[in-house]
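Residue numbers begin at 1 in each chain, while the letters A, B, ... track the order of the sequences.
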There are 2 protein chains.
Amino acid sequence: MIKKEIKVYRDLMGANDEWAAKTRDLLREKDIVMLNFIGSPGSGKTALLEKAAVLLKGRLRFAVLEGDLETTHDAERLQSAGITAYQLLTGGACHLSAKLVHHGLRDLPLEALDMVIVENVGNLVCPAEFDIGEHGKMAILSVAEGEDKPVKYPALFREAGAVAVTKTDLLPHLQFNMKQCLDYIRQVNDNIPVFQVSAVNGTGMEEWIKWLVGMKK
Amino acid sequence: MIKKEIKVYRDLMGANDEWAAKTRDLLREKDIVMLNFIGSPGSGKTALLEKAAVLLKGRLRFAVLEGDLETTHDAERLQSAGITAYQLLTGGACHLSAKLVHHGLRDLPLEALDMVIVENVGNLVCPAEFDIGEHGKMAILSVAEGEDKPVKYPALFREAGAVAVTKTDLLPHLQFNMKQCLDYIRQVNDNIPVFQVSAVNGTGMEEWIKWLVGMKK
């Protein structure tokens, strides 16, 4: 009998969700919490993690999977800060796929970790649409971006489990209405914690760090 | 004879390019220059256009097609500044399609215009990949985003005809190495004009405005 070759075209999103499910299984098995950090380019995601490396010492063991299109700048920055960080390069794609994240995760020293933080590609749109198997998404918005981004890019803020409003040290030099920004966040998602932080002068960091530690319990 | 129904699946990018070609025909017919402004959310694209409205008065007649996922905030801001501005909503998509731009363009008062500026969706990745029939792309990068974005998101900077480094009024309050930033831009594209501008205090704006006016000649 001649066997015909069958070509199977699988829905891209379906394949993504299968990898996300594998990641969830692995995280459950290893008892690890995974968060997905999403924000614009330059919103301060990496700076926040550099600071977290210092503040979480002795309280939570974490590693970072660094998503970028090109370069290993961010993983290098985090390694310099003493964090185990692997670089995931999308080679041009605007978000991390669940498959790429799973392969990075599998290679991390999972037995020695409580948490894995994925820093997604800098982009307020695409990464919000792709499940990577995470326990929650953290939206990162810098005050330099303006207060209306939550309503202009609502998908992320709707999906997020928490928001960090970053670079608050710049507030004296900007026309940024924090109350209006918080109102916009509430319009999209009326029930998430919002942390106002500065990685430069440390304002608000301890409150955010406590929330991170609490995610593990 | 029974005519069979033929289903035609057309490559999405192919369809986009057909609309871009229509736009190029229309721009040629009306003798209008169209530029495509691309940058991260909050990089200062709209603020730059508000300022341009004042500085271009009597020198160049322009209108704006404002791209966003949701809200009409930016078109409203520009109309308040006296600019004819239509809002193009992608409804979630991460970039403007050539078709949407073409429909907006067709409805503008083209006989009374020298230039149309398209402000694309805030995103350093996706909009760079889609031809909308423009004469050139302008990359917008705010100093608040950090100097390494040109090498981390090289596609846009490779495609761009010019770069505006915005929000230079914030430089005294940031760790931003302008020389390093310019080096990174040169690494990706060694032959494009770079304008260092502040829409807040006006620094560098006149040089950029002259370049805009020159695009029309």
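By number of non-hydrogen pairs under 4.5 angstrom with chain A, the leading residue of B:P172, B:P154, B:G146 is B:P154. Chain A forms more heavy-atom pairs under 4.5 Å with one residue of B:E145, B:K152, B:E70, B:Q175 than with any other, namely B:K152. Of the listed residues (A:A47, A:C94, A:A155), the greatest number of heavy-atom pairs within a distance under 4.5 Å of chain B belongs to A:C94.
The side-chain heavy atoms of B:V125 and A:H95, taken from C-beta on, include no pair separated by under 4.5 Å. A 4.5 Å side-chain heavy-atom check between B:N123 and A:N123 finds at least one atom pair inside the cut-off.
Contacts of A:P41 with chain B are made by both backbone and side-chain atoms, with heavy-atom separations under 4.5 Å. Residue contact with chain B, scored on non-hydrogen atoms closer than 4.5 Å, involves the backbone and the side chain of A:L69 alike. With a 4.5 angstrom heavy-atom cutoff, B:K149 touches chain A only via side-chain atoms. Residue contact with chain A, scored on non-hydrogen atoms closer than 4.5 Å, is absent for B:V200. For chain B, the nearby part of A:L174 is the side chain; its heavy atoms alone come within less than 4.5 Å.
Side-chain N or O atoms of A:Y153 include one that pairs as donor or acceptor with a backbone N or O of B:G122 at under 3.5 Å.
Note: B:H73 and A:Y184 have tilted aromatic rings, judged against thresholds of 30 and 60 degrees for the angle between ring planes.
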